[in-house]
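Below: the structure, in structure tokens.
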Amino acid sequence: MPIAKKTLSEVSPAIRSAFQKAQDVLSKNSLEYGIELLKEITKKDPGFLDARIMLRKAEKTKYSHMNIVQKILAHILSIPPVLKGGALIAKKPLDALGLAEDALAINIASPLAYGLLAKAGAALDANFIAVEAYEALVDRDPKNEANLRKLAELYEADGQGAKVLHIRQIIAAKYPDNLEAQAALRAAAALATMEQGKWNESGSSVAKAAAAAKKKGGDKQVRDDRIIRAEEDVREMIGVYEKRVANGDESIDMRRKLAELYQRDKRFNDAIETYNWLVKKMGTLDPTIDKAIEACRIELSDLRIKELKDQNAPQEEIDKEIKAINDYRLERGEERIRLYPNDTLIRYDLAVLYWEFQMVDKALEQFQIAQRNPQKRLSAIVYLGRCFAAKKQYDMAVEQYDKAIEEMPVMDKEKMNAIYHLGVTCEEMGNDKKAMECFKQIYSANVNYLDVAKRMDAYYARINAAREKEKETAQG
């Protein structure tokens, strides 16, 4: 089974405890013991990124304190585990990965140890480990073209377009008349184009690469390569990956990217087929892949519904298609909970689905669990309020809204949403004054937010009408 990247919250309690101990040991400057603890952690759970990062940092500190004789001795001592690991790559790649860690703990500067680390990572379908190894090799020797090319391939398999583009620019600059190098640069620019849309808000790495190239006089080349329509970019990269599949490439990272590209190109059946290949290859149903397959099936259903409407099909037939896709969505959401009962993000997704289908009691139960998720906590609390309001338990709804709003320092969309539903609930309770306080807060920040302006107009219309009535009564 491929090795997945993990954060501190995703590792076992035993690993978390060992990691905390390693942190404490290193904070007391016990470098050798700290390295030994971290090395054992990475052997037991190679995907634990925090441990890998801390281990490399400690190993580099250790190496920087060595004198020339110690460095020579470290080089010699690191060779046996590398040789032993090399012999185990084919049949026991996990053992080979452990031996690579042994070698790096002895000599973090060993190119041979990084080479073994990369091979073991590739054999275990852990592209991020191979990337780590080649990044270190390129950092030590930036002019090594073979390592640059290999790192570019790994970045490409991982969909890191900006990084691929950066390396391809370096290589293409060395060979301006080489057609293969220029073609690789264009393909990299295409991949970077697709990535750019995801990164625009926080500052695109593609833009940074282009800016760096501009400083070196490469602005025209980058600009020329970047003027490519999005549809062409996607299809060009599909062609690149399909060629690799035809040549026998069974990389999981590459197939995942190909499936995503099929999805973007609206080739939903091809995407589903590729995602199913990934499931079979990995031997497990990754929830992310399951959601992607579901999204493709929903898209196909939407196309079918549109087709039925265009054909003026009977409403019963359209309703049957809608029911079928909704039943499928519920089935998948509930199945993911069965497979991953402790995943609070999946709980949140299912809760939202229950809410969408007006299954309020079931939604309420799932949102109560989902609020444990740090990412979705506030959103889940607001939904809890909406569930209580739907059940006309208004006092409990207000408690949830107030709890969420207290934890929202900035008047952003999330806070406006919470205040809006608090206002609506207050209206339902007959507390117009409190409701208007809520709507005024939103109105002062965004006059066009939902129907806030209409609600305020209706409120003032009621106030004015009441005043007119009072005047008439007084005069009469």
Side-chain angles (χ1 to χ4, degrees), residues 1-6 46-47 49 89-90 93-94 97 118-135 149-165 167-168 183-184 187-195 197-198 230-300 332 335-336 339-340:
M1 185 182 296
I3 294 172
K5 289 187 276 190
K6 293 182 182 178
L49 293 182
I89 283 289
L94 197 58
L97 186 66
K119 289 177 183 176
L124 291 162
D125 279 327
N127 192 62
F128 66 98
I129 293 178
V131 166
E132 175 195 334
Y134 274 97
E135 282 180 338
R149 289 181 183 276
K150 183 60 182 177
L151 182 56
E153 290 175 9
L154 291 167
Y155 282 149
E156 185 180 313
D158 206 32
Q160 299 189 54
K163 292 183 178 180
V164 178
L165 178 60
I167 293 176
R168 293 301 183 192
L191 183 59
T193 299
M194 293 185 294
E195 187 182 46
K198 299 178 183 178
E231 294 86 350
E232 293 173 351
D233 297 343
V234 171
R235 285 162 193 164
E236 182 172 355
M237 287 312 303
I238 286 174
V240 170
Y241 289 143
E242 285 181 336
K243 185 176 180 182
R244 288 172 59 175
V245 169
N247 290 334
D249 187 338
E250 294 200 347
S251 162
I252 283 179
D253 288 323
M254 186 275 293
R255 289 292 181 102
R256 187 189 291 264
K257 191 61 188 176
L258 177 58
E260 290 170 357
L261 289 168
Y262 280 144
Q263 201 169 341
R264 287 192 59 180
D265 199 35
K266 302 188 184 303
R267 292 171 59 177
F268 300 117
N269 285 316
D270 289 332
I272 291 169
E273 182 181 346
T274 308
Y275 281 128
N276 282 329
W277 181 94
L278 285 165
V279 172
K280 185 176 180 181
K281 178 76 171 178
M282 294 167 67
T284 184
L285 183 58
D286 182 302
T288 306
I289 292 177
D290 190 32
K291 287 179 184 178
I293 293 172
E294 179 184 329
C296 289
R297 293 200 182 279
I298 291 170
E299 291 281 4
L300 287 170
R332 294 315 314 148
E335 176 65 7
R336 282 193 287 270
L339 293 173
Y340 304 97

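Hydrogens, waters and symmetry mates play no part in the numbers below; they use all other heavy atoms, side chains included. FYI, the numbering just counts along the sequence from 1. All figures in this text were calculated on a predicted structure; none of them were measured in a lab.
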Can you tell me how far [atom2] of [Y] sits from [atom1] of [X], rounded to the nearest 0.5 angstrom?
{"X": "Leu258", "Y": "Tyr275", "atom1": "CG", "atom2": "OH", "result": "9.5 Å"}
{"X": "Gln263", "Y": "Ile293", "atom1": "CD", "atom2": "CD1", "result": "9.5 Å"}
{"X": "Ile89", "Y": "Leu124", "atom1": "CD1", "atom2": "CG", "result": "8.0 Å"}
{"X": "Leu151", "Y": "Gln160", "atom1": "CG", "atom2": "CD", "result": "8.5 Å"}
{"X": "Arg297", "Y": "Ile272", "atom1": "CZ", "atom2": "CD1", "result": "4.5 Å"}
{"X": "Met282", "Y": "Asp125", "atom1": "CE", "atom2": "CG", "result": "9.0 Å"}

Do [X] and [Y] have side-chain heavy atoms sitting under 4.5 Å apart?
{"X": "Asp290", "Y": "Glu294", "result": "no"}
{"X": "Leu154", "Y": "Asp253", "result": "no"}
{"X": "Glu250", "Y": "Lys281", "result": "yes"}
{"X": "Arg256", "Y": "Ile289", "result": "yes"}
{"X": "Arg149", "Y": "Arg168", "result": "yes"}
{"X": "Glu273", "Y": "Asn269", "result": "no"}
{"X": "Asp270", "Y": "Ile238", "result": "no"}

Quick one: do Ile3 and Leu97 satisfy side chain to side chain contact (heavy atoms under 4.5 Å, CB included)? Show the steps, please. CA-CA 12 Å; Ile3 294 172; Leu97 186 66; 4.2 Å; yes
Salt-bridge present (Glu260, Lys257; N to O < 4.0 Å):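 Salt bridge flag = yes for Lys257 with Glu260.
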For [X] versus [Y], what's the shortest heavy-atom pair and its separation?
{"X": "Pro46", "Y": "Leu94", "value": "CG-CD1, 4.1 Å"}
{"X": "Cys296", "Y": "Ala271", "value": "SG-CB, 3.8 Å"}
{"X": "Pro93", "Y": "Ala90", "value": "CD-O, 4.3 Å"}
{"X": "Ala130", "Y": "Ala122", "value": "CB-N, 4.4 Å"}

Would you please name every residue forming a salt bridge (Lys or Arg N to Asp or Glu O under 4.0 Å) with Glu153, sequence neighbours left out? Lys150
Residue set satisfying salt bridge (Lys or Arg N to Asp or Glu O under 4.0 Å) with Arg244, at least two apart, ordered chain then number -> Glu156, Asp249
From the options Arg267, Arg235, Arg255, select the one residue that forms a salt bridge (Lys or Arg N to Asp or Glu O under 4.0 Å) with Glu242.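 Only one option passes, and that is Arg267.
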